[in-house]
Number of protein chains: 2
Amino acid sequence: MDDEDLLKLDNQICFAVYACAREITKLYHPLLQPLGLTYTQYIALLALWEKDGVTVKELGRRLYLDSGTLTPLLKKLETSGYLTRTRDPEDERNVRIELTPQGRSLKRQACAIPEKLFVQAGVTAEEAANVHGQMMELLRRIHRQDEA
Amino acid sequence: MDDEDLLKLDNQICFAVYACAREITKLYHPLLQPLGLTYTQYIALLALWEKDGVTVKELGRRLYLDSGTLTPLLKKLETSGYLTRTRDPEDERNVRIELTPQGRSLKRQACAIPEKLFVQAGVTAEEAANVHGQMMELLRRIHRQDEA
DNA sequence: CCAAATTAAATTTTATACAATTTAATTGTA
DNA sequence: TACAATTAAATTGTATAAAATTTAATTTGG
């Protein structure tokens, strides 16, 4: 394969993931708007519903996001009353994120979202699992390279 | 499967695509920096190297991006001397994008990028084709739903 | 013990993204 | 032909993202 084709193939693969991610985000928009959440805020809350009381660093590691993105996002969610940000007295460099009762109760409303989304996108369980596996494999490999 | 599990699955799949797209962008950064290009600018140029003389609308359709994103991006590439933006005399609502000789010559430098990236990410041709197929299939399906 | 190195957040800067609105040009139709 | 509807870009406002820098706290080596 020559450079010309490689440039096209490259375009197709990386671009496909990139465009797909944006289209997924757009699909979420009408479902998240009634809750007053953006997609990134929803992703952050999903992580916190599974485990909160974590530091910004730890949350960022799980979401592949750094403080430059998380700090303003978490401040917004704090203003909305969904979580608290507290300096850890043990080590004041760390900021711990705790969900408030309102933050926890949002989960009940969010539970309706995935089903709506799967139906809307017409994605089967097999396809979902397949895509998930492949993306995670690629993600891990890329991230390792990215760190090195 | 209960709502709780659905929420987790949803989290995993959509998040995997979303995080993967961002990690890919980061992987490109050191390769694009010497050319003075961002990832989105690179993607736009890839599309234009395949076919230029198109309207902003047509380019946006191919990239899944709207004028809100493309207008400032194309203005930057125009300032850099890589393309021209001209109102179509036939229909002045349309703005046509044409590559300049400098814009075309950038392609030769960009030819080295895909190979470097594949090697760096350790992605095989099979895996690449597999991921690509799945993403395009998902992309098409989601986009159809998104339009409806 | 203490200065240097390290670490975690926050901040700053630049560049996307996209929804919603506006502007200007064109088209369709009564 | 007027004029409403449609269309393409541009603009506006909000929210990400990430690189680079800064600040403050902690750790570590001499």
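Below, chains carry the letters A, B, ... as their sequence lines are ordered, and counting in each starts from 1.
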Between [X] and [N], is there a contact of a side-chain N or O with OP1 or OP2 at under 4.0 Å?
X       : N      : answer
A:Tyr18 : C:dT16 : no
A:Arg87 : C:dA9  : no
A:Thr55 : C:dA9  : yes
A:Thr69 : D:dA17 : no
B:Thr38 : C:dT16 : yes
B:Tyr64 : C:dC18 : no

Mate of D:dT7 across any strand shown (Watson-Crick or G-U wobble, both atom pairs under 3.5 Å) is C:dA24
**OP:** May I ask you to decide whether A:Arg141 forms a salt bridge with B:Glu127, counting only side-chain N to carboxylate O separations under 4.0 Å?
**Re:**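 So A:Arg141 pairs with B:Glu127 through a salt bridge.
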A:Thr40 has a side chain; which of C:dA9, C:dA15, D:dT16 sits nearest to it?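 The answer is D:dT16, which lies nearest to the side chain.
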Out of C:dA9, D:dA9, C:dT26, whichever nucleotide has its closest atom nearest the side chain of A:Lys57: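 The nucleotide sitting nearest to the side chain is C:dA9.
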Under 4.0 Å between any heavy atoms, over every strand shown, what does [X] touch: base, sugar-phosphate, or nothing? Just pick one.
X       : result
A:Leu65 : sugar-phosphate
B:Glu90 : sugar-phosphate
B:Arg61 : nothing

Check: Under the criterion side-chain contact (heavy atoms from CB on, under 4.5 Å), which of A:Leu45, A:Leu99, A:Thr100 is the partner of A:Leu106?
Finding: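 Of all the options given, the one that passes is A:Leu45.
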Do B:Ser67 and D:dA10 have a side chain to base donor-acceptor pair shorter than 3.5 Å? yes
Integer-rounded Å distance: [N] [atom2] and [X] [atom1]:
X       : N      : atom1 : atom2 : result
A:Leu59 : C:dA9  : CG    : C1'   : 13 Å
A:Arg22 : D:dT16 : CZ    : P     : 17 Å
B:Leu27 : D:dA17 : CG    : C1'   : 16 Å
B:Asp88 : D:dA10 : CG    : P     : 13 Å
B:Lys76 : C:dT14 : NZ    : P     : 11 Å
B:Arg96 : D:dA8  : CZ    : C1'   : 12 Å
A:Asp66 : C:dT13 : CG    : P     : 17 Å
B:Lys26 : C:dT16 : NZ    : C1'   : 15 Å

- prompt: Heavy-atom distance under 4.5 Å between the side chains of A:Ile97 and A:Leu77, does that happen here?
  reply: no
- Message: For the CD atom on A:Glu137, are there more than 12 heavy atoms of other groups (residues, nucleotides or ligands in this structure) within a distance under 6.0 Å?
- Response: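 Yes, enclosed.
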Worksheet entry | Residues, nucleotides or ligands: over 12 heavy atoms within 6.0 Å of B:Lys57 NZ | no
Review point. Is the ring centre of B:Tyr18 less than 6.0 Å from the ring centre of A:Tyr64?
Key: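 They do not qualify: ring centres at least 6.0 Å apart.
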Inset, instruction - Measure the acute angle between the ring planes of B:Trp49 and B:Tyr42, then classify it against the limits of 30° and 60° as parallel, tilted or perpendicular. - result: perpendicular
task: Please round to the nearest 0.5 Å and tell me the distance separating atom CG of A:Leu83 and atom CD of A:Gln41.
output: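 Between atom CG of A:Leu83 and atom CD of A:Gln41 there are 10.0 Å.
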Judged by nearest nucleotide, the residue sitting upstream toward the 5' end of DNA chain C, A:Asn94 or A:Gln33, is A:Asn94
Its contact letters, B for base, S for sugar-phosphate only and - for none at protein heavy atoms under 4.0 Å, make nucleotides 1-6 of chain D read ------
Most 5' of B:His29 and A:Leu73 on DNA chain D, judged by nearest nucleotide: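 Result: A:Leu73.
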